[in-house]
Amino acid sequence: MLYYLFRFLDQFGITGAHIWSYISFRSLLALILSLVISAWFGEKFIKYMKRRNISEVQRDASIDPFGVEKKGVPTMGGIIIIVAILVPVILLGRMRNIYLILMIVTTLWLGFLGFLDDYIKIFRRNKEGLKGKYKIVGQVSIGLIVGLVIYFSPDAVIRENISVERQNQELVVKHKSKAEKSLQTTIPFIKNHNLDYSKIMSFCGKYKEEAGWILFVLMTIIVVTAVSNGANLNDGMDGMCAGNSAVIGVALGILAYVSSHIEYASYLNIMYIPGTEELVVFSCAFVGAMIGFLWYNAYPAQVFMGDTGSLTIGGIIGVCAIIIHKELMLPILCGIFFVESLSVIIQTQWFKIQKRNGRRVRVFRATPIHDNFRKLDSQLDSTSTYILKKWPHRPFHESKITIRFWITTIILAALTIITLKIR
């Protein structure tokens, strides 16, 4: 809104109006504004929830292994995050940008899905919340919408990096002169090579292009669903998901910026994607919202984000990566989310296999994996055998686990960005 207002005023020579055309100015302003909103609105939200005595039923008697009681801590704090993201984006973004529209739709869609889950847990006093199949349907639906919009929208185009030439002892990357639809995506660590979904489907003959788009849409659904669930599993300790997501948001903002700038795209030998500069505004608002939320969510938490926040966060990360054609880099960037999900899968499947043989054997002390590091021996199931019972040798404080996970995510984010150059 403000972008269009000041662009209009710039036509009349209003001093300073032109600065709103700079993506750096709007992005930093979005970061500051989202941080302020999340901090201000967060305080109001927490007071309101406490006055109404609204907290998640399974959290009511929660006490961590080190004696900090978390009884009555309000949840649904994801509302703070959503408001802190959307207000700056609507004020400062170019609302005609198809990518920005997709990010807003994703935020609202998954925010509503998570809100339904939290509502059932809190007001219906049902610990299970929204049934898993309905969550999956919601996640698959937004993945399908995003994939189809990118396929059909004439604005969702790229200019491929097609060749590298040597000029005056320097390597110069050439991009196609015309932006067009493409099924290319970046593969980490591989030099001068992008994966083409249509080539994977080359066995379909003359229909390989159509089959490639079907594969792309399926990949979008898988990515959005997987990252959304991974973020949901990571939300198990004070500040854990918010801190990790803030780091990931910074990395995605950098990737979006270099993808939208043809000179940086040429330097890094990646695809040039016009229009993705607006994702930088969104990413900065996202990071600001995460940092502001951490003001209240850091140990000991004054508010939990709930599924309203965690499902939304994961969806935002997944869709942003899809838009900038960096979805194959998510296993590195979102390595923490990936390991959290993998640990749950290993634990449940191994237990089911062993149970068929009449044994109760678990791999980890607890899952998701962050719980493995804080579980006391007295809290373990005495009827089960644990393969990794001695790992770790002693439990760690929740804040130490959280900070170490943040550090790990910082390393993974740096590695993700470095892969663009070391290819």
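- Under the rule for a side-chain hydrogen bond (donor to acceptor under 3.5 Å, both in side chains), the partners of His370 that lie at least two apart in sequence or sit in another chain are Glu340.
- A donor-acceptor pair is defined here as one N or O able to donate and one able to accept, closer than 3.5 Å; such a pair exists between the side chain of Ser38 and the backbone of Leu35.
- With sequence neighbours excluded, no residue forms a salt bridge (Lys or Arg N to Asp or Glu O under 4.0 Å) with Lys208.
- Counting only distance, with no hydrogens or angles, the side chain of Asp118 and the backbone of Thr308 share a donor-acceptor pair below 3.5 Å.
- Ring centers of Tyr197 and Trp213: at least 6.0 Å apart, outside the cut-off.
- Counting non-hydrogen atoms of neighbouring residues, nucleotides and ligands closer than 6.0 angstrom, the OH atom of Tyr4 exceeds 12 such neighbours.
- Stacking of Arg365 on the aromatic ring of Tyr386 is not recorded, the 6.0 Å distance cut-off and the 45° axial limit not both being met.
- At distances below 3.5 Å, not a single donor-acceptor pair connects side-chain atoms of Asn297 with backbone N or O atoms of Phe293.
- A side-chain donor-acceptor contact under 3.5 Å links Thr276 to the backbone of Ile273.
- The aromatic rings of Phe373 and Trp391 sit perpendicular, their planes meeting at an angle over 60°, well past the 30° parallel limit.
- Counting heavy atoms of neighbouring residues, nucleotides and ligands inside a 6.0 Å radius, atom NZ of Lys47 does not exceed 12 of them.
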Q: Apply ring pair (Phe, Tyr, Trp, His ring centres under 6.0 Å) to the pair His261 and Tyr272, showing each step before the final yes or no.
A: CA-CA 7 Å; His261 197 294; Tyr272 167 50; 8.4 Å; no

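- A donor-acceptor contact shorter than 3.5 Å links the side chain of Ser202 to the backbone of Lys199.
- Using cut-offs of 30° and 60° on the angle between ring planes, the pair Phe45 and Phe41 is tilted.
- Proximity of a side-chain donor or acceptor of Trp20 to a complementary backbone N or O of Arg26 within less than 3.5 Å is not detected.
- Ring geometry for His325 versus Phe216: interplanar angle under 30°, hence parallel rather than tilted (30 to 60°).
- Heavy atoms of other residues, nucleotides or ligands lying less than 6.0 angstrom from CD of Glu180 number more than 12.
- Within 6.0 Å of OH on Tyr22 lie no more than 12 heavy atoms contributed by other residues, nucleotides or ligands.
- Using bins of under 30°, 30° to 60° and over 60° for the plane-to-plane angle, the ring pair Phe112/Phe115 lands in the parallel bin.
- Inspection of the Arg52 and Tyr48 side chains reveals an N or O donor paired with an N or O acceptor under 3.5 Å.
- Side-chain N or O atoms of Glu160 include none that pairs as donor or acceptor with a backbone N or O of Met271 at under 3.5 Å.
- Using a 4.5 Å heavy-atom cutoff, the side chains of Cys241 and Met305 are in contact.
- Note on Lys135 versus Asp307: salt bridge recorded, some NZ/NE/NH1/NH2 to OD/OE distance being below 4.0 Å.
- With a 4.5 Å cut-off on side-chain heavy atoms, Phe351 and Arg360 count as touching.
- Inter-residue side-chain proximity for Glu398 and Ile401 is flagged as unmet; no heavy-atom pair is nearer than 4.5 Å.
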